[in-house]
Amino acid sequence: VQLQASGGGLVQAGGSLRLSCDASGRTFSSDTFAWFRQAPGKEREYVAGVRWSNSAAHYSASVKGRFTISRDNAKSAVYLQMNNLKPEDTAVYYCAARLGYPVLSSLGSARNYDYWGQGTLVTVSS
């Protein structure tokens, strides 16, 4: 399984970006995908997750209402639409995947994901 993240860049506060995660290597009908982020000097933080089979989505409190996670079955891709960006959203964003559906309480734990993309940098200026 390979994950390729892209779409990062520099944007002003209040702006938008869409991140993409292209997945390959097998079918993902039974997988959970997620986006994490890591700011300099901080631990990796869960952002959002989606169940591939039914597109059920979950968000961290810090991004709920501003970010939207989605997936495209035909393109084997997962997206993170980020609106109303804030300087505190600045981080390297990683997509991750695992087979199966972790319970809600463990959805945000990075150790529960087996596959990771290389990360894409998002910088939000004030």
Side-chain angles (χ1 to χ4, degrees):
V1 173
Q2 289 189 328
L3 305 178
Q4 181 75 33
S6 61
L10 174 64
V11 64
Q12 289 188 335
S16 298
L17 280 176
R18 189 177 84 151
L19 305 184
S20 298
C21 176
D22 294 319
S24 61
R26 59 173 171 79
T27 58
F28 299 98
S29 57
S30 298
D31 284 66
T32 298
F33 279 74
W35 287 95
F36 287 77
R37 66 187 182 187
Q38 189 166 19
K42 295 188 176 181
E43 293 187 353
R44 193 164 294 192
E45 173 192 20
Y46 169 79
V47 175
V50 64
R51 180 180 293 192
W52 192 275
S53 60
N54 62 2
S55 295
H58 179 267
Y59 301 91
S60 68
S62 61
V63 307
K64 194 171 186 178
R66 300 188 297 123
F67 291 10
T68 302
I69 188 171
S70 62
R71 64 103 174 108
D72 186 324
N73 190 48
K75 296 182 178 181
S76 288
V78 175
Y79 305 103
L80 186 68
Q81 177 66 43
M82 305 184 296
N83 298 328
N84 190 22
L85 282 160
K86 304 175 181 180
E88 51 264 42
D89 294 319
T90 295
V92 176
Y93 284 70
Y94 298 90
C95 62
R98 58 155 290 159
L99 186 65
Y101 312 122
V103 297
L104 190 61
S105 60
S106 61
L107 189 65
S109 177
R111 69 181 68 181
N112 288 323
Y113 294 84
D114 300 312
Y115 308 103
W116 290 83
Q118 83 289 3
T120 185
L121 177 63
V122 173
T123 304
V124 184
S125 62
S126 57

Problem set entry | Derivation and outcome, side chain to side chain contact (heavy atoms under 4.5 Å, CB included), residues Tyr93 and Gln38 | CA-CA 7 Å; Tyr93 284 70; Gln38 189 166 19; over 6 Å; no

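- In the hydrophobic cluster analysis, where Ile, Leu, Val, Met, Phe, Trp and Tyr join through side-chain heavy atoms closer than 4.5 angstrom, Val11 is grouped together with Leu80.
- Across Ser53 and Ser29, no two heavy atoms sit closer than the pair CB-O, 3.5 Å.
- Nearest heavy atoms, Ser16 versus Asn84: OG-N, 4.3 Å.
- Under the 4.5 Å side-chain heavy-atom criterion for Ile, Leu, Val, Met, Phe, Trp and Tyr, Tyr115 and Phe28 are members of the same hydrophobic cluster.
- If you chain together hydrophobic residues whose side chains sit under 4.5 Å apart, Phe33 and Val1 fall into the same group.
- Ring to ring, Trp35 and Tyr94 are not that close: their centroids are 6.0 angstrom or more apart.
- Here Thr120 contributes atom OG1 and Leu19 contributes atom CG; the two are 6.0 Å apart, rounded to the nearest 0.5 Å.
- Interatomic distance, CD of Glu88 versus NZ of Lys42, reported as 8.5 Å (0.5 Å rounding).
- Both tests pass for Arg18 against the ring of Tyr79: distance under 6.0 Å to the centre and angle within 45° of the axis.
- Expressed to the nearest 0.5 Å, how far OG1 of Thr68 lies from CG of Asn83 amounts to 6.5 Å.
- Shortest non-hydrogen contact noted between Ala57 and Ile69 is CB-CG2, 3.6 Å.
- At a threshold of 4.5 Å between non-hydrogen side-chain atoms, the residues Asp22 and Gln2 do not count as touching.
- Of all heavy-atom pairs between Val124 and Thr90, the closest is N-OG1, 2.9 Å.
- Between Phe36 and Tyr46, the ring-plane angle classifies as perpendicular under the 30° and 60° cut-offs.
- Leu121 and Val63 sit in two unconnected hydrophobic clusters of ILVMFWY residues. Membership requires side-chain heavy atoms under 4.5 Å apart, directly or through other members.
- Between the side chain of Ser106 and the backbone N or O of Val103, at least one donor-acceptor pair lies under 3.5 Å.
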For side chain to side chain contact (heavy atoms under 4.5 Å, CB included), just list the numbers for Phe67 and Val47, CA-CA rounded to whole Å, side-chain angles, deciding distance to a tenth of an Å, and then say yes or no. CA-CA 9 Å; Phe67 291 10; Val47 175; 3.7 Å; yes

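- Across all their heavy atoms, Cys21 and Leu3 have their closest contact at SG-CB, 4.0 Å.
- A distance of 8.0 Å separates CG in Asn54 from CZ in Arg71, rounded to the nearest 0.5 Å.
- Inter-residue side-chain proximity for Pro102 and Thr32 is flagged as met; some heavy-atom pair is nearer than 4.5 Å.
- With hydrogens and angles left out, the side-chain atoms of Arg98 and Tyr113 include no donor and acceptor closer than 3.5 Å.
- In this model, a donor atom of one side chain and an acceptor atom of the other lie less than 3.5 Å apart for Ser62 and Ser60.
- Because its NZ or CZ atom is both nearer than 6.0 Å to the ring centre of Tyr101 and within 45° of the ring axis, Arg51 counts as a cation-pi partner of that residue.
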(request) Run the numbers on Leu17 and Gln81 for side chain to side chain contact (heavy atoms under 4.5 Å, CB included), then give the verdict. (result) CA-CA 6 Å; Leu17 280 176; Gln81 177 66 43; over 6 Å; no

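- Taking each heavy atom of Ser125 and Leu10 in turn, the nearest pair found is CB-CD1, 4.4 Å.
- Taking OH of Tyr59 as the reference point, atom CG of Leu107 lies at 11.5 Å (rounded to 0.5 Å).
- When side chains are defined from C-beta on, Gln4 counts as touching Gln118, because their heavy atoms get closer than 4.5 Å.
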Just do the side chain to side chain contact (heavy atoms under 4.5 Å, CB included) check on Arg37 and Val92 with the steps written out, would you? CA-CA 5 Å; Arg37 66 187 182 187; Val92 176; over 6 Å; no

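- To the nearest 0.5 angstrom, Thr123 atom OG1 is 13.0 Å from Gln12 atom CD.
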